[in-house]
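Worksheet for the structure shown next.
Just so you know, these numbers use all the heavy atoms, side chains as well, and skip hydrogens, waters and symmetry mates. Here, residue 1 is the first one in the sequence, and each next residue gets the next number.
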Amino acid sequence: MAESHFAIVLGTRPEMIKLSPVLRACDRRGVSYTLIHTGQHYSDELDSVFFERLGLPEPDYHLDVGSGRHGEQTGEMLAGIEDVVLTEDVDVVLVQGDTNSVLAGAIATSKLDAELGHVEAGLRSFDRDMPEEINRVITDHVGDYLFAPTEESASLLRDEGIDESRIHVTGNTIVDAVQAHRNIAAEESSILDRHNLTSGEFILMTAHRAENVDERDRLADLFAGIGRVARELDYPVIYPIHPRTRERLEEFEVTAPDTVRLINPLDFLDFLRLEDTAAIIVTDSGGVQEEACILGTPCVTIRESTERPETVAAGANTVVGTNPDDILAGVREMLSTDGDWENPFGDGTAAEQILDIMVGTDG
Ligand code: UD1
Ligand code: UDP
């Protein structure tokens with residue numbers, strides 16, 4: 001497939017981060033690609049800041065889709081991606097993760113004369129109430145190249161009857177991204193000073209999942225729980241708040257406890273620095289669960305399930321839901337760990353392995 005022309009689709013913060021190693025590897029190898037930005041994320045703090053800090057190339061096409069209902073948003077992206085794939089005579093479309101941008105790329109490609117590669121294939125929470133779970137399952141079932149981060153993800157794909165020839169275990173590109181930026185973050189980020197934080201003496205929190213923040217009672221529970229954690233540990237909580245959650249707090253008139261400092265979303269280097277130096281991370285993010293595990297920082301996941309069970313098996317993470325007692329118990333449990341677990345997500349060569357498979361080792 002050495003002559004193939006690729007389209008790489010991204011639209012949200014985690015896709016920009018996790019595809020950055022793939023884009024760099026393509027540039028290094030001279031692989032020809034068209035970069036499509038769906039516009040699912042558009043606020044500077046979720047979008048342009050990542051292009052700048054990660055040195056990503058300007059998208060060749062910007063679909064400017066923005067926010068909307070699932071069908072509306074996905075449908076508009078689907079039509080836009082279809083146009084680009086036809087116009088640019090694309091051979092292979094690459095998507096990453098489980099957002100609506102991924103689903104749109106997958107469905108558009110599956111009806112065209114192009115192949116689909118899915119980076120981060122085979123993750124399952126087994127909770128079909130999550131829009132991300134629907135997106136993952138559909139994408140994997142129409143994908144031609146499924147890049148599973150772990151053997152466990154690969155075996156979940158096999159359990160669904162997916163042919164072995166489509167499955168490739170590569171590790172997760174987040175390891176590549178963390179390795180590329182961890183030391184730079186330690187040298188360049190001034191986030192601890194800017195917020196008067198001491199390494200090892202603060203709690204980092206993120207929450208943005210629809211199932212948590214779109215329900216008033218769960219959102220209130222979550223803040224009650226984190227407030228109790230802050231009181232017991234006598235540490236401040238720093239929470240770079242996703243715009244979706246900021247809107248819900250206002251709508252539901254929920255106020256965060258005084259110990260919780262709400263700040264704007266951060267660029268990757270500042271956020272990575274916080275993850276690397278926090279005493280503990282409390283999150284509902286998929287990517288943050290992985291990064292905590294890679295960096296050796298204990299993690300408490302405020303969800304009912306995780307599609308990253310490898311982090312729990314490694315001893316790096318516990319999944320507690322949003323009940324305040326359970327959040328506190330989870331933090332106590334995880335603070336007694338030593339951070340000395342094995343990273344299950346690969347050796348930081350996922351992007352290179354993906355390109356070896358898609359364009360060959362001499363590509
Ligand atoms: C999306 C993904 C989620 C992923 C997350 C990463 C889906 C179904 N969800 O969730 O899996 O974990 O991105 O962060 O694809 N908003 C802004 N500015 C923006 C984007 C969104 O203010 O740039 C606000 C809007 O009010 C919007 C809301 O956030 O309605 C939700 O945005 P949306 O893209 O629907 O989902 P996310 O919660 O960002
Ligand atoms: N992240 C960031 N700044 C922040 C919060 C998160 O750079 O203020 C990064 C984080 O390091 C991770 C990714 O965003 O790589 C996770 O994105 P998010 O939690 O929005 O989505 P998910 O991984 O749950 O899909």
Side-chain angles (χ1 to χ4, degrees), residues 10 12-28 41 43-58 96 149 171-206 235-242 261-283 285-299 311 314 316-317 335 337-352:
L10 49 69
T12 67
R13 165 169 78 184
E15 293 157 72
M16 296 164 202
I17 294 167
K18 288 175 165 176
L19 283 172
S20 64
V22 177
L23 289 164
R24 276 189 211 119
C26 284
D27 289 340
R28 227 177 4 252
H41 283 175
S43 300
D44 283 348
E45 58 201 20
L46 296 186
D47 180 17
S48 55
V49 84
F50 292 96
F51 276 78
E52 284 154 24
R53 273 299 219 176
L54 298 170
L56 303 184
E58 278 291 306
Q96 190 285 332
N172 194 312
T173 57
I174 193 60
V175 181
D176 314 22
V178 167
Q179 287 181 359
H181 296 98
R182 185 182 197 173
N183 291 341
I184 300 174
E187 281 162 22
E188 291 184 9
S189 168
S190 59
I191 187 77
L192 297 180
D193 291 344
R194 294 204 312 271
H195 290 280
N196 203 16
L197 295 167
T198 306
S199 177
E201 296 183 9
F202 67 93
I203 301 154
L204 175 62
M205 166 178 180
T206 79
Y235 286 164
V237 177
I238 187 136
Y239 176 11
I241 187 167
H242 191 286
R261 301 190 205 160
L262 301 181
I263 61 169
N264 287 334
L266 296 169
D267 73 32
F268 187 53
L269 292 187
D270 281 343
F271 191 75
L272 195 57
R273 187 70 191 140
L274 286 185
E275 289 182 298
D276 208 5
T277 53
I280 192 155
I281 300 175
V282 177
T283 190
S285 160
V288 175
Q289 290 174 64
E290 292 161 353
E291 288 162 359
C293 182
I294 294 162
L295 293 164
T297 304
C299 182
T311 58
N317 187 16
L335 278 176
T337 61
D338 57 9
D340 193 21
W341 47 74
E342 293 265 316
N343 152 35
F345 296 114
D347 61 2
T349 60
E352 295 293 347

- prompt: If you draw a 6.0 Å radius around CG in N196, do more than 12 non-hydrogen atoms from other residues or ligands fall strictly inside?
  reply: no

query: So how far is it from T277 OG1 to E201 CD, rounded to the nearest 0.5 Å?
result: 11.0 Å

query: So do the side chains of L19 and T173 get within less than 4.5 Å of each other, counting heavy atoms only?
result: no

message: Could you check whether any side-chain heavy atom of T311 comes within less than 4.5 Å of a side-chain heavy atom of F345, counting everything from C-beta outward?
response: yes

message: If you apply the rule side-chain contact (heavy atoms from CB on, under 4.5 Å), what do you find for L192 with L274, and how did you get there?
response: CA-CA 7 Å; L192 297 180; L274 286 185; 4.0 Å; yes

message: Do E275 and L204 make a side-chain contact, defined as non-hydrogen atoms from C-beta onward lying under 4.5 Å apart?
response: yes

message: Are the side chains of L197 and R261 in contact, using a 4.5 Å heavy-atom criterion?
response: yes

query: Are side-chain heavy atoms of T297 and E291 found at a separation under 4.5 Å?
result: no

query: Quick one: do D176 and R24 make a salt bridge, cutoff under 4.0 Å?
result: no

Q179 CD to I294 CD1 distance, which is reported to the nearest 0.5 Å: 8.5 Å

query: Do N317 and C293 come close enough that some side-chain heavy atom pair is under 4.5 Å?
result: no

task: Decide yes or no for L10 and F51: does some side-chain heavy atom of the first lie under 4.5 Å from some side-chain heavy atom of the second?
output: yes

- request: Could you tell me which residues satisfy salt bridge (Lys or Arg N to Asp or Glu O under 4.0 Å) with R53, sequence neighbours excluded, listed by chain and number?
  value: E188, D267

field: Results of ring-ring contact (aromatic ring centres under 6.0 Å, His included) for F271 - residues two or more places apart only
entry: none

field: Exercise: do E15 and T12 side chains pair donor with acceptor under 3.5 Å
entry: yes

field: Residues I174, I17; criterion side-chain contact (heavy atoms from CB on, under 4.5 Å); working and verdict
entry: CA-CA 7 Å; I174 193 60; I17 294 167; 3.8 Å; yes

message: Just to verify, what does E290 make a salt bridge (Lys or Arg N to Asp or Glu O under 4.0 Å) with, not counting sequence neighbours?
response: K18, R308

